[in-house]
Structures are given as structure tokens and as C-alpha cells.
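These notes are about the structure you will find just below.
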Amino acid sequence: EPEVTQTPSHQVTQMGQEVILRCVPISNHLYFYWYRQILGQKVEFLVSFYNNEISEKSEIFDDQFSVERPDGSNFTLKIRSTKLEDSAMYFCASSAGGHTEAFFGQGTRLTVV
Amino acid sequence: DQQVKQNSPSLSVQEGRISILNCDYTNSMFDYFLWYKKYPAEGPTFLISISSIKDKNEDGRFTVFLNKSAKHLSLHIVPSQPGDSAVYFCAGGYGGSQGNLIFGKGTKLSVKP
């Protein structure tokens with residue numbers, strides 16, 4: 001069964017460093033998303049991406065964040081200068097259409113120290 | 001501003017009985033709703049969805065009910081099984097091509113043998 005894969009599963013980084021979280025969405029999906037879940041809190045929407053551009057982003061997704069689809073298969077989230085409060089589980093998701101369910105990856109646990 | 005609210009952080013049910021998970025929303029623009037199930041250290045897994053033009057959708061042991069006038073939906077699991085023990089997230093979706101989801105905080109369901 002097709003699935004969304006994320007790497008790495010756990011990333012530890014020093015405050016102020018740049019990190020890139022990687023995702024391979026399901027191959028025939030057109031919509032891509034990043035969500036995050038801070039420990040003990042709800043899953044929060046960060047950004048959606050369609051047709052090679054950001055279609056919507058939340059207040060969380062400030063200038064420190066960027067997304068890219070560098071080739072036909074990968075979808076990346078870059079955090080330019082990490083802060084302690086960026087520590088969270090980051091989930092990538094993809095969907096076939098705008099009104100269909102999103103399929104989530106297993107997540108990348110980001111720990112900023 | 002919580003657009004999607006799950007007011008019960010936890011629910012405990014005996015195996016074989018019915019589990020009812022509740023969700024309220026404030027955003028009238030949502031045109032579909034989804035339930036996701038999440039195990040620890042895994043990404044959310046899609047369970048069932050409902051369009052805003054319907055009031056009920058059923059899939060095996062899972063039924064979702066939507067009451068638009070009350071801005072309330074519920075997920076019924078009958079009969080409940082120990083493997084259903086997980087955190088259940090309600091999510092609302094809207095907007096043509098965006099398809100991003102707004103999640104509630106989740107309800108932790110424990111089904112006891």
C-alpha cells in the first residue's frame with residue numbers, strides 16, 4: 001500500500017542551526033502538507049502546497065520556514081534558524097485532491113537543544 | 001481561537017460497548033469533516049469522513065454523525081475493541097484546492113477488555 005515516508009525519524013539540532021525535514025509523498029498525489037504537534041498539544045497546520053507553490057500557510061509558518069519540491073518525488077520543510085520552541089513532531093501529508101483525506105507520514109521528531 | 005474543539009481529553013469504555021467521541025466546530029466554512037486515529041510515535045491515520053451535505057456516514061463499526069445546526073459531530077464505534085485504543089482527532093476541511101485540515105486537540109480512547 002502506498003505510504004508517505006519521512007526522514008529522518010528523529011533530528012537533534014542546536015538552536016540557531018538550519019534543519020531540513022524530508023518527505024516523499026504518495027506518488028500520484030497533488031497536494032502536500034506539513035503539520036506539527038508539540039508534545040501534549042494538538043496537531044497544527046503549517047502549510048499546504050499545490051502546483052509548485054504554497055496555497056495556504058498558517059501564522060506559525062513565518063519567514064523562518066520554507067518548503068520546496070526539488071524534484072518529482074521529494075517535499076521538504078526547511079527551518080532556517082531553529083528555536084527551542086520549534087521542538088515538535090513534524091508530519092508530512094499528501095492527498096489526491098482538495099476534498100479527499102490526507103495521508104500522513106510517521107513524522108520526524110525534531111529536538112532543538 | 002479553536003475552530004475545532006474536542007472537549008473530552010479522554011474516554012474509557014468496556015470492550016464490546018459503544019464508544020462515542022464528540023467534536024464541536026465554530027467555522028461555518030468547513031465543508032467536510034474527518035476523523036483520524038493516532039497511535040503513539042505514528043502519524044495520524046484516516047478513519048472516516050463526512051461531507052457537510054450529509055448527516056451520517058457509516059463504514060463497518062464506525063459511524064460519523066453530523067448536526068450542522070448544532071455545529072457538532074460525533075464518531076460512534078460499535079462494538080469497541082481493545083485495538084481501538086488510540087487518540088482520535090476530529091478535523092474540519094474547507095476551500096477548493098487547499099484542502100488543509102484544522103484539527104481538534106484529540107480524545108484518548110481506552111477500551112478495556
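In the text below, chain A, chain B and the rest are named by the order of the sequence lines, each starting its count at 1. The shown structure was predicted, so the numbers you read here are calculated from the model rather than taken from an experiment.
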Using heavy-atom distances under 4.5 Å, tell me whether A:Glu44 contacts chain B through its side chain, its backbone, both, or neither.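 Interface part for A:Glu44: neither.
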Within the distance-only criterion (no hydrogens, no angle test), does the side chain of A:Glu56 pair as donor or acceptor with the backbone N or O of A:Ser48 below 3.5 angstrom?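 It does not hold such a pair.
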Is there a donor-acceptor pair under 3.5 Å between the side chain of B:Asn57 and the backbone N or O of B:Ser49? yes
For chain A, find its close neighbours in residues 34-44 of chain B: heavy-atom separation under 4.5 Å, sorted by number, or none.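 B:Leu34, B:Tyr36, B:Lys38, B:Ala41, B:Glu42, B:Gly43, B:Pro44 fall under the 4.5 Å cut-off.
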[X] atom [atom1], neighbour heavy-atom count above 12 within 6.0 Å:
X       : atom1 : result
B:Arg17 : CZ    : no
A:Glu85 : CD    : yes
A:Leu84 : CG    : yes

Go through the steps to decide whether B:Leu109 and B:Val111 satisfy the test side chain to side chain contact (heavy atoms under 4.5 Å, CB included), and finish with yes or no. CA-CA 6 Å; B:Leu109 174 65; B:Val111 180; 3.9 Å; yes
Out of the candidates A:Phe32, A:Tyr50, A:Phe91, A:Tyr33, only one should pair with A:Phe75 under the ring pair (Phe, Tyr, Trp, His ring centres under 6.0 Å) rule; please name it. A:Phe32
Going through the checks in order, is the side chain to side chain donor-acceptor pair (under 3.5 Å) test met by B:Thr107 and B:Ser8? CA-CA 6 Å; B:Thr107 296; B:Ser8 299; 5.6 Å; no
Strictly less than 4.5 Å between heavy atoms, which residues of residues 105-113 of chain A line up against chain B? Please order them by number. A:Gly105, A:Gln106
Determine the interplanar angle of the B:Phe30 and B:Tyr25 rings, folded into 0 to 90°, and report it as parallel if under 30°, tilted if 30 to 60°, perpendicular if over 60°.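 The rings of B:Phe30 and B:Tyr25 stand perpendicular, inter-plane angle above 60°.
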Mutual orientation of the aromatic rings belonging to A:Phe103 and B:Phe46 [parallel < 30°, tilted 30-60°, perpendicular > 60°]: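 A:Phe103 vs B:Phe46 ring planes: tilted.
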